[in-house]
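Here's the structure, in structure tokens; my notes come after.
Since we're looking at a predicted model, the values are computed, not measured. Note: hydrogens, waters and symmetry copies are ignored here, and every other heavy atom, side chains too, is used.
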Amino acid sequence: MSQTVRTRFAPSPTGHLHIGNARTAILNWIIARHAGGQFILRVEDTDQERSTQESEASILKDLQWLGLDWDEGPDTGGNAGPYRQSERMDLYKSHLDQLIESEKVYPCYCTAEELEERRSEQLAKGEATQYNGHCRNLSYVDKQKYEAEGREPAFRFKADTESVTFEDLIRGAVTVPGDQLGDFIIARAGGMPMYNFACVIDDHLMEITQVVRGDDHVSNTPRQILIYQAFGWTPPQFAHIPMILGPDRQRLSKRHGATSVDQYREQGYLSDALVNFLSLLSWSSESGDEILTRERLISEFNFSRLSKSAAVFDTEKLDWMNGMYIRNLDVAELSRLLFPILKDRGYSIDSAKELEPITGLIQEKIERLSDANEKVAVFFKEDVNLNDPEARDVLSLSTSKQVFQSFLDVTDELSELNRETFMPLMKAVQQSSGIKGKELWMPVRVALTGQLHGPDLAGTVEWFGLEKCRKRVTQALEFSK
RNA sequence: GGCGCAUUCGUCUAGUGGUCUAGGACGCCGGCCUCUCACGCCGGUAGCACGGGUUCGACUCCCGUAUGCGCUACCA
């Protein structure tokens, strides 16, 4: 039986899209595209306490930004819908009834307090902490009694098994002894399904062929397999991908700084770079190449090249990669991306087009789009500050004064200053002053920008124009006296 | 505590018993290019967690230890 590959990403809308979840989504998307199958988006909002509409919207937005298009989902629909668990309650209910009917599941009237009490007892005695089966064989009378007390039961799954073994696509055979499982709850009091239950129903009904998720779910998988068996269903294949860790090798969290996709977007990372970088955590191309287009990511994917161990999220390498992507953009495209950011910062520019000359000058100097905010400042400052100690050192050289004087003489009859006329101009200054190299260029740079470091002078000069350049050199000459 | 999983340079990784005096990338250091910074290019630095086996031969296979992570919820 060969069926088309169907993978899914199933976020719970309880916050922003986490970088680890994004990686899971990317992988699922790549696998589906690689196989020419379908990628499904399912919203797991059974935790009513924590799920919000805003979170769902923001997660969808981030996935779109990442360029992960899904074939079926809450907004796009599909044949296996609805794609929001809160809208699938009748499905869970009918399936729960089936299991109650077949006595695979029983009502449990224990309260949270009673459960907690037993738990701490087990812990104190050094036993495995799991449900003791208190309500497993309740008589009709007992049940009536609890009901009369107003207790509403949750539903527990009878976990009777020696052990469960499954073949993980990444880690091979994983075995969990049955006595570790304990009877677990699959539906809360009130009927709201628990993760392990809803997940199985949905994955089966949605005909998911490969469940690819974080390896924090490895221990859940045996429980889910038991549920598949209870229904007589064939489980999908499972692949548990390694976690992403912070620099301290702890699970990546807020403490480590930015952890959500929207934060990276705001900091000026490109989605292509982020997708590329995240793909390379625990996976590598056989070619050894690291800068990979989405097309290559998709065509070269292979489960056997996925590693089993957790990976530390290295921001420095991400920065480098993002810089690579920025440098590979054409100037018009980069300007288009930079425009709203700089505009927002208060720079007076009216269009991306207008920004292009500057973009070309800073493109190789930024790693994140937001870096442009600083780099671009020199082009918009009304006045230069010549008081910087290092600037003063340059200005106070006797050769600098000669350069300035010569510069003013040579430009006196010039009608236009642009990057083409700048080189010949500097040549002329060199000849008339007899000064060359650093002694020639640095004073000009400092006079024009007030800084020792900066973008290409020819381009800078063109942006400033003749008048401003002459004015600043005059000022510098005055200042250096 | 119990169970599961993992362990190659600081970090991401290649490596599936001999081709490994362990390869690449980021970072770092040095050099070249150059008016500066940056880019680019060249070179360098640094690693198989530990202990037992198996084998003619282990980074590669097995066992143990250590360390880390995960699960052990009416969270997902």
query = Expressed in angstrom and rounded to an integer, what is the separation of F238(A) atom CZ from rC5(B) atom C1'?
reply = 17 Å

ask   = Taking the same atom, P, in rG31(B) and in rG51(B), what whole-Å distance lies between them?
value = 40 Å

note = Counting primed atoms, P, OP1 and OP2 as sugar-phosphate and everything else as base, the B/S/- map of nucleotides 29-39 of chain B against protein heavy atoms under 4.0 Å is ------BBBBS

Could you go through nucleotides 23-25 of chain B and list every protein N or O atom that sits under 3.5 Å from one of its N or O atoms, giving the distance for each pair?
from	atom 1	to	atom 2	distance (Å)
rA25(B)	O4'	E290(A)	OE1	3.1
rA25(B)	O2'	E290(A)	OE1	2.4
rA25(B)	O2'	K317(A)	NZ	3.4
rA25(B)	N3	K317(A)	NZ	3.1

inquiry  = Please find the pair of heavy atoms, one from L292(A) and one from Y325(A), that lie closest to each other, and give the distance.
reply    = O-OH, 3.2 Å

message = Only pairs with both distances under 3.5 Å count, Watson-Crick or wobble alike; so what is the partner of rG43(B) in this structure?
response = rC29(B)

query = Roughly how many Å is it from CG in L181(A) to C1' in rA73(B), rounded to a whole number?
reply = 15 Å

ask   = By a strict heavy-atom criterion of less than 4.0 Å, which residues belonging to residues 41-48 of chain A are in contact with RNA chain B?
value = E44(A), T46(A), D47(A)

request  = Scan L280(A) against the nucleic acid and name what it touches under 4.0 Å (heavy atoms): base, sugar-phosphate only, or nothing.
outcome  = sugar-phosphate

key: Trace of the side chain to side chain donor-acceptor pair (under 3.5 Å) decision for S55(A) with T52(A)   = CA-CA 5 Å; S55(A) 291; T52(A) 68; 2.8 Å; yes

ask   = In whole angstroms, how far is the C1' atom of rG4(B) from the NZ atom of K308(A)?
value = 15 Å

note = Residue pairs passing the side chain to side chain donor-acceptor pair (under 3.5 Å) test with at least one member in residues 186-196 of chain A, sequence neighbours excluded, are Y195(A)-R213(A), Y195(A)-H217(A)

Nearest-Å distance once atom P is located in both rC71(B) and rG15(B) = 29 Å

task = Could you check whether R305(A) gets within reach of a base, just the sugar-phosphate, or nothing at all, counting any heavy atom under 4.0 Å?
result = sugar-phosphate

key: Spacing of the C1' atoms in rA14(B) and rA22(B) (rounded, Å)   = 10 Å

ask   = Does the ring centre of F313(A) sit less than 6.0 Å away from the ring centre of F277(A)?
value = yes

Nearest non-hydrogen partners of A239(A) and L169(A), listed with the distance = CB-CB, 3.8 Å

message = Among residues at least two apart in sequence or on other chains, which ones pass ring pair (Phe, Tyr, Trp, His ring centres under 6.0 Å) with Y109(A)?
response = Y146(A)

ask   = Considering heavy-atom distances to RNA chain B, does S307(A) or M194(A) have its closest nucleotide positioned more toward the 5' end?
value = S307(A)

query = With both distances kept under 3.5 Å, what pairs with rU55(B), Watson-Crick or G-U wobble?
reply = none

query = Which heavy atom of I241(A) sits nearest a heavy atom of L27(A), and at what distance?
reply = CG2-CD2, 3.5 Å

query = Is there a Watson-Crick or G-U wobble partner for rU34(B) with both distances under 3.5 Å, and if so, which one is it?
reply = none

task = Assess the side chains of D202(A) and Y83(A): does a donor N or O sit below 3.5 Å from an acceptor N or O?
result = no

Nearest-Å distance for atom pair CG/P, residues N276(A) and rC12(B) = 17 Å

ask   = L408(A) and L477(A): which non-hydrogen atoms are nearest, and at how many Å?
value = CD1-CD2, 4.0 Å

key: Base-pairing mate for rC48(B) - Watson-Crick or G-U, with both contacts under 3.5 Å   = none

task = Classify every nucleotide of nucleotides 61-72 of chain B by which part a protein heavy atom approaches to under 4.0 Å, writing B for the base, S for the sugar-phosphate alone and - for neither, in 5'-to-3' order.
result = -------SSBSS

message = Please report the distance separating the P of rC33(B) from the corresponding atom of rC42(B), rounded so that it comes out in whole Å.
response = 15 Å

inquiry  = Please give the distance between the P atoms of rU7(B) and rU11(B) as a whole number of Å.
reply    = 14 Å

key: rA22(B): pairing nucleotide in any strand, Watson-Crick or G-U under 3.5 angstrom   = none

query = Hey, does A189(A) reach any base, or is it just sugar-phosphate, or nothing, if we go heavy atoms under 4.0 Å?
reply = base

message = Could you measure the distance from the CG atom of N328(A) to the CG atom of L334(A)? Nearest 0.5 Å is fine.
response = 11.0 Å

query = What is the nucleic acid contact for C110(A), judged by heavy atoms within less than 4.0 Å: base, sugar-phosphate only, or nothing?
reply = base

query = Is any side-chain heavy atom of N387(A) closer than 4.5 Å to a side-chain heavy atom of F479(A)?
reply = yes

L281(A) side-chain proximity, nearest of rC12(B), rU11(B), rA14(B) = rC12(B)

ask   = Does the side chain of D289(A) come within less than 4.5 Å of R296(A)'s, by heavy atoms?
value = yes

task = Check every atom of rC75(B), rU13(B), rA6(B) against the side chain of R171(A) and return the nucleotide holding the closest atom.
result = rA6(B)

query = Which of the following nucleotides, rA14(B), rC26(B), rC74(B), is nearest to the side chain of R188(A)?
reply = rC74(B)

request  = Considering only atom P, compute the distance from rU60(B) to rC9(B) and round it to an integer number of Å.
outcome  = 14 Å

message = Tell me the interatomic distance from F277(A), atom CZ, to rU11(B), atom P, rounded to whole angstroms.
response = 14 Å

task = Just say parallel, tilted or perpendicular for the rings of Y228(A) and H204(A), cut-offs at 30° and 60°.
result = perpendicular

key: Length of the line joining L306(A):CG and rU13(B):C1', which is rounded to integer Å   = 13 Å

request  = Sticking with atom C1', work out how far rC26(B) lies from rC62(B), rounded to a whole angstrom.
outcome  = 36 Å

D45(A) side chain reached by S86(A) side chain, heavy atoms, under 4.5 Å = yes

key: Separation of atom CD1 in I59(A) from atom C1' in rA76(B), rounded to whole Å   = 11 Å

request  = Return the orientation label for the H240(A) and F238(A) ring planes: parallel under 30°, perpendicular over 60°, tilted otherwise.
outcome  = parallel

task = For W283(A) and rU13(B), give me the distance from atom CH2 to atom P, rounded to whole Å.
result = 12 Å

message = Work out how far the P atom of rC32(B) is from that of rU8(B), and round it to whole angstrom.
response = 37 Å

request  = Compute the centroid of each ring, for F301(A) and then for F303(A), and state whether the two points are separated by less than 6.0 Å.
outcome  = yes

request  = Give none if rG4(B) has no partner; otherwise give the nucleotide forming a Watson-Crick or G-U wobble pair with it, both distances under 3.5 Å.
outcome  = rC69(B)

query = Hey, what's the ring geometry for W463(A) with F380(A), parallel, tilted or perpendicular (30° and 60° as the breaks)?
reply = perpendicular

